[in-house]
Enquirer: 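Here it is, the structure, as structure tokens.
Just so we're clear, the structure is a prediction, and the values are computed from it rather than from any experiment. The first residue in the sequence is number 1, and the count goes up from there.
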Amino acid sequence: MSEREGYYTWVDEQGRVRYSPIVATSDQTPAKEPGGAVSSEGEETEFTLENYPDANELAKDGYVRPGERQPYFTWRDAQGNVRVSYFQPDTRSDVEKGFTAPPIELTPASVYHSGPDLDPVQTENQGGLDAYAVLGIEGGGDYFERFREFCCLGLEARDAVEWQQGREFGVNVTELSPTHNFLTGISPFQLIGLDSLAQGPDFIMRIRSYAQNGVFVPSLAFLDRNFEPVRLVTDLVTPYEPETWSRRGFLQAWVPVFPGQGERWLVLYTRSSDLAGQTVIEPGAGKKPKVIPHVAKGEVGLKMVEQD
């Protein structure tokens, strides 16, 4: 055996070739010192956060321990010189990198229900806090009962469309759409059938109302098979996504749908109070705000969101 056997070569950060001996391994297990420390060749390692840092915290720092230099890699340039480049480890999460879709957050709204479950729910440690107010579910049954007086037994169903699965589909509310005198005023509406989803699980619906000479601000009424209201969703807090070179701007909302609980029809309509308002977009410093009026017609895109 030559003297060079038992060594390995490596290149340091200045590009110089180095030689280091390969330390022979022993079959004997190092003796464990009292207190949990392990002794190996006279070296003692204590079980401290410095020697054994938290894995999550270490990952946030790119697996670079305090006092250690940044990781680097060596490469050879066009002239054959060995170069060294330092780099900062990418510590972003898969969601931040775009590898994983972020979790869906339901859009805040005012929700009105039918049934006795609307009674305010309080506990001793809530100090009179209405749980339904926290959830966005209105506890006053008067509004829902008054809405039922206006809707929806006499609703015209001749222009109803069935829900389309597997993709976004669009419905258009136009001057030719049927109108109805809702509690909130006369409005054109679009009726969407949910019968094809009756055997499936509850799901989250993505709603996009596309802007074109204004934007249609939707309210939602879910009906049973007899056209009796089951649930109302209004006052949707819909952020506006500005237009790009490839698509129009739109208002977007995420709303749960419960076909398994008797919801068989979805009514899209708008309120007189919404028509009196407008959406104001702040484009940035030094630019004039953009004002988008609310109108009684428009295109609405609907899609069932698939969740992992």
Enquirer: Using only atom types and a distance under 3.5 Å, with no angle test, would you say the side chain of His294 pairs donor to acceptor with the backbone of Thr270?
Expert: no
Enquirer: Locate the shortest heavy-atom distance separating His113 from Phe144; write the atom from each residue and the value.
Expert: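 Reported closest heavy-atom pair: O-CG, 3.6 Å.
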Enquirer: At what distance, to the nearest 0.5 angstrom, does CZ of Phe216 lie from OG of Ser187?
Expert: 5.0 Å
Enquirer: Is it true that a side-chain atom of Asp77 and a backbone atom of Gln79 form a donor plus acceptor pair closer than 3.5 Å?
Expert: yes
Enquirer: Is Glu168 paired with Arg206 through a side-chain N to carboxylate O contact shorter than 4.0 Å?
Expert: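 A salt bridge is present here (some side-chain N lies under 4.0 Å from a carboxylate O).
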Enquirer: State the CD1-CD1 distance between Ile292 and Ile281, to the nearest 0.5 angstrom.
Expert: 4.5 Å
Enquirer: Output the distance between atom CD1 (Ile186) and atom OG1 (Thr179), rounded to the nearest 0.5 Å.
Expert: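 If we round to the nearest 0.5 Å, Ile186:CD1 and Thr179:OG1 are 6.5 Å apart.
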Enquirer: Counting distance only, does the side-chain N/O of Ser209 pair as donor-acceptor with the main-chain N or O of Leu251 below 3.5 Å?
Expert: no
Enquirer: Hydrophobic cluster membership, with links at side-chain heavy-atom distances under 4.5 Å among I/L/V/M/F/W/Y: are Val295 and Phe189 in one?
Expert: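 Looking at the clustering, Phe189 is in a separate group from Val295.
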Enquirer: Do Met304 and Val171 share a hydrophobic cluster (ILVMFWY, side-chain heavy atoms under 4.5 Å, transitive)?
Expert: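 Yes; Val171 is reachable from Met304 via cluster members.
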Enquirer: Flag the pair Leu153 / Leu155 as yes when at least one side-chain heavy-atom distance between them is below 4.5 Å, and no otherwise.
Expert: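 Side chain of Leu153 against side chain of Leu155, heavy atoms only: no contact under 4.5 Å found.
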Enquirer: Can you hop from Val217 to Leu266 via hydrophobic side chains spaced under 4.5 Å?
Expert: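 Looking at the clustering, Leu266 is in a separate group from Val217.
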Enquirer: So do Ile192 and Trp265 actually touch side chain to side chain, heavy atoms under 4.5 Å?
Expert: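 The answer is no, as the side chains (C-beta and beyond) never meet within the 4.5 Å cut-off.
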Enquirer: Would a single hydrophobic cluster contain both Ile207 and Leu197, if residues Ile, Leu, Val, Met, Phe, Trp and Tyr are joined by side-chain heavy-atom contacts under 4.5 Å?
Expert: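 Yes; tracing contacts between hydrophobic side chains, which count when under 4.5 Å, links both residues.
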Enquirer: For a side chain to side chain contact (heavy atoms under 4.5 Å, CB included) with Tyr269, tell me which candidate from Asp274, Thr234, Leu191 qualifies.
Expert: Thr234
Enquirer: Taking the side chain as C-beta and beyond, is there a heavy-atom pair between Thr184 and Ser219 under 4.5 Å?
Expert: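 The answer is no, as the side chains (C-beta and beyond) never meet within the 4.5 Å cut-off.
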Enquirer: Evaluate Gln252 against Thr238 for side chain to side chain contact (heavy atoms under 4.5 Å, CB included), listing each step before the verdict.
Expert: CA-CA 5 Å; Gln252 180 168 268; Thr238 51; over 6 Å; no
Enquirer: Just how far is it from atom CZ of Arg247 to atom CD of Glu243, taken to the nearest 0.5 Å?
Expert: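 Separation between the atoms: 9.0 Å.
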Enquirer: Taking the side chain as C-beta and beyond, is there a heavy-atom pair between Met205 and Lys303 under 4.5 Å?
Expert: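 Contact flag for Met205/Lys303 side chains = no.
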Enquirer: Tell me, with the steps shown, if Val84 and Phe73 meet side chain to side chain contact (heavy atoms under 4.5 Å, CB included).
Expert: CA-CA 6 Å; Val84 175; Phe73 60 92; over 6 Å; no
Enquirer: Provide the closest heavy-atom pair for Ala296 versus Pro188 in the form atom of the first, atom of the second, distance.
Expert: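 Here Ala296 and Pro188 meet closest at O-CG, 3.1 Å.
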Enquirer: Any non-hydrogen side-chain atom of Leu223 less than 4.5 Å from a side-chain atom of Arg231?
Expert: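 Not in contact.
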Enquirer: To the closest 0.5 Å, what do you measure between CH2 (Trp254) and CD1 (Ile204)?
Expert: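 Output value for this atom pair is 8.5 Å.
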Enquirer: Quick check: do Asp235 and Arg271 have side-chain heavy atoms less than 4.5 Å from each other?
Expert: yes
Enquirer: Tell me whether the rings of Phe250 and Tyr210 are parallel (<30°), tilted (30 to 60°) or perpendicular (>60°).
Expert: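 Correct class here is perpendicular.
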Enquirer: May I have the step-by-step check of salt bridge (charged side-chain N to carboxylate O under 4.0 Å, His left out) for Arg264 and Asp224, ending in yes or no?
Expert: CA-CA 5 Å; Arg264 292 294 182 270; Asp224 64 14; over 6 Å; no
Enquirer: Are Leu236 and Phe203 grouped together when hydrophobic residues (ILVMFWY) are joined by side-chain heavy atoms under 4.5 angstrom apart?
Expert: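 Yes; Phe203 is reachable from Leu236 via cluster members.
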Enquirer: Any idea which heavy atoms bring Ala253 and Thr107 closest together, and the distance?
Expert: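 In terms of heavy atoms, the two residues are closest at CA-OG1, 3.2 Å.
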Enquirer: Report the C-alpha separation of Phe147 and Tyr112 in whole Å, then their side-chain angles, then the decisive distance to 0.1 Å, and conclude whether the side chain to side chain contact (heavy atoms under 4.5 Å, CB included) test is met.
Expert: CA-CA 10 Å; Phe147 184 89; Tyr112 301 85; over 6 Å; no
Enquirer: For the pair Ser177 and Lys297, evaluate side chain to side chain contact (heavy atoms under 4.5 Å, CB included) and give the outcome as yes or no after the intermediate values.
Expert: CA-CA 9 Å; Ser177 297; Lys297 60 182 180 179; over 6 Å; no
Enquirer: What pair of heavy atoms forms the shortest contact from Glu282 to Pro289, and how long is it?
Expert: OE1-CG, 3.8 Å
Enquirer: I need the minimum non-hydrogen distance between Ser272 and Gly185, along with the two atoms involved.
Expert: OG-CA, 3.5 Å
Enquirer: Under a 4.5 Å cut-off applied to non-hydrogen side-chain atoms, are Glu299 and Arg248 in contact?
Expert: yes
Enquirer: Indicate yes or no: at least one non-hydrogen side-chain atom of Val255 is less than 4.5 angstrom from one of Leu220.
Expert: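 Yes, at least one pair of side-chain atoms sits under 4.5 Å.
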Enquirer: Looking at Glu228 and Arg148, what are the two nearest heavy atoms and their distance?
Expert: OE1-NH2, 3.1 Å
Enquirer: Return yes if some donor-acceptor pair links the side-chain N/O of Gln190 with the main-chain N/O of Leu268 below 3.5 Å, else return no.
Expert: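 A pair under 3.5 Å: no.
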